[in-house]
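Side-chain atoms are counted along with the backbone in the values below, which use heavy atoms only and exclude waters and symmetry mates. Letters A, B, ... are given to chains in the order of the sequence lines, protein chains preceding strands, and every chain is numbered from 1. No experiment lies behind these values; they were computed from the predicted model shown.
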Amino acid sequence: MRLERAFFEQPTVEVAQQLIGATLIINGFEIELIETEAYVGEGDAACHAHRGITPRTKVMFGPPGRTYIYLIYGMYHCLNIVTEPEGSGSAVLIRGGLIKGPTAEIIKGPGRLCRHLGLTKAHNEMCLLNETHFVRPRQEAPPIKATPRIGITKATDKPWRFINVDYYSK
DNA sequence: GCTGGGATTCGCT
DNA sequence: GCGAATCCCAGCC
């Protein structure tokens, strides 16, 4: 069972929420997602796509279910999954997860997550709807809480960060 | 062609 | 708690 394109075409906030507890299979790793954030297209001042299509943001305006990976502060990569129908410029930022398998550990922080998974800009615009890279839906909904987004300077009032409260004390 | 800021993290005070 | 590391790119000249 895996999530298809139709799932990622839903409203970004809805997708971000439903991805909590889902499992991402990428680059040979399995990660149960415990923290996500929604970045909702041109109407969202905090979203990179806010100013329209540019060479950097064109991926977000492409078909949903693909990766958007960019370099932040010259040192860290952030992993996003593109959402909504083509042309909307929306995506879900993956901020934290539980690495499964023998080396199970909890990773918090988008930069650290990408470092552990070995993700770089080379993995930008990768399709997550195939055999080796995909998202497995959650079986049961974990306890989820919505909070304001982290690390941004604009639109900080939007409660579009979602966490699995089992892994966050506050 | 130049400049400043950014969806971060870590180490030192 | 504060600031450095570090670089791509959007915006403006």
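Among the atoms of the strands shown, none is found under 4.0 Å from any heavy atom of A:Arg161. Among the protein residues, A:Arg95 comes within range of the sugar-phosphate backbone only, with heavy atoms under 4.0 Å from sugar or phosphate atoms but none that close to a base. Within 4.0 Å (heavy atoms only), A:Leu93 reaches at least one base atom of the nucleic acid.
A salt bridge does not link A:Glu35 to A:Lys108: none of the charged nitrogens lies less than 4.0 Å from a carboxylate oxygen. Salt bridge absent: A:Glu32 and A:Arg138 never bring a charged side-chain N and a carboxylate O closer than 4.0 Å.
Under the side-chain hydrogen bond (donor to acceptor under 3.5 Å, both in side chains) criterion, A:Thr57 pairs with A:Thr54, sequence neighbours left out. For A:Glu140, the salt bridge (charged side-chain N to carboxylate O under 4.0 Å, His left out) criterion is met by no residue, not counting sequence neighbours. Evaluation of the side-chain hydrogen bond (donor to acceptor under 3.5 Å, both in side chains) rule for A:Thr36 yields no partner, not counting sequence neighbours. For A:Pro63, the side-chain contact (heavy atoms from CB on, under 4.5 Å) test picks out A:Arg5, A:Arg66, A:Glu86, with sequence neighbours left out. In terms of the side-chain contact (heavy atoms from CB on, under 4.5 Å) criterion, residue partners of A:Val82 (sequence neighbours excluded) are, by chain and number, A:Val59, A:Tyr68.
Within residues 81-90 of chain A, no residue has a heavy atom under 4.0 Å from DNA chain C. Non-hydrogen atoms lying under 4.0 Å from DNA chain B are contributed by nothing in residues 18-26 of chain A.
Contact footprint of chain A on DNA chain B: nucleotides with an atom under 4.0 Å from a non-hydrogen protein atom, first to last in 5' to 3' order, B:dG6 to B:dC10.
A:Gly111 and A:Tyr76 make their closest contact through CA-CB, 4.0 Å (heavy atoms, listed as atom of the first residue, atom of the second, distance). Nearest heavy atoms, A:Cys78 versus A:Leu93: CB-CD1, 3.8 Å. Among all heavy-atom pairs drawn from A:Gly89 and A:Ala49, the shortest one is O-CB, 3.2 Å.
Of the candidates A:Arg95, A:Arg149, A:Lys158, A:Glu37 forms a salt bridge (charged side-chain N to carboxylate O under 4.0 Å, His left out) with just one, namely A:Arg95.
With no hydrogens or angles considered, a side-chain donor-acceptor pair links A:Thr12 and A:Thr83 at under 3.5 Å.
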Treat primed atoms plus P, OP1 and OP2 as sugar-phosphate and everything else as base, then score nucleotides 5-13 of chain C 5' to 3': B for base contact with protein heavy atoms under 4.0 Å, S for sugar-phosphate contact only, - for none.
BBBSSSS--
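DNA chain B forms stems at B:1-6 with C:7-12, B:8-12 with C:1-5, each a run of 3 or more consecutive Watson-Crick or G-U wobble pairs whose two key distances fall under 3.5 Å.
Residue A:Gln139 qualifies as open at atom CD: its count of foreign heavy atoms under 6.0 Å is 12 or below.
Rounded to whole Å, the P atom of B:dG4 lies 16 Å from the corresponding atom of C:dA4.
Other cluster members for A:Ile25: A:Phe134, joined by side-chain heavy-atom distances under 4.5 Å among Ile, Leu, Val, Met, Phe, Trp and Tyr.
The ring pair (Phe, Tyr, Trp, His ring centres under 6.0 Å) contacts involving residues 45-67 of chain A comprise A:His48-A:Tyr70, where partners must be two or more places apart or lie in separate chains.
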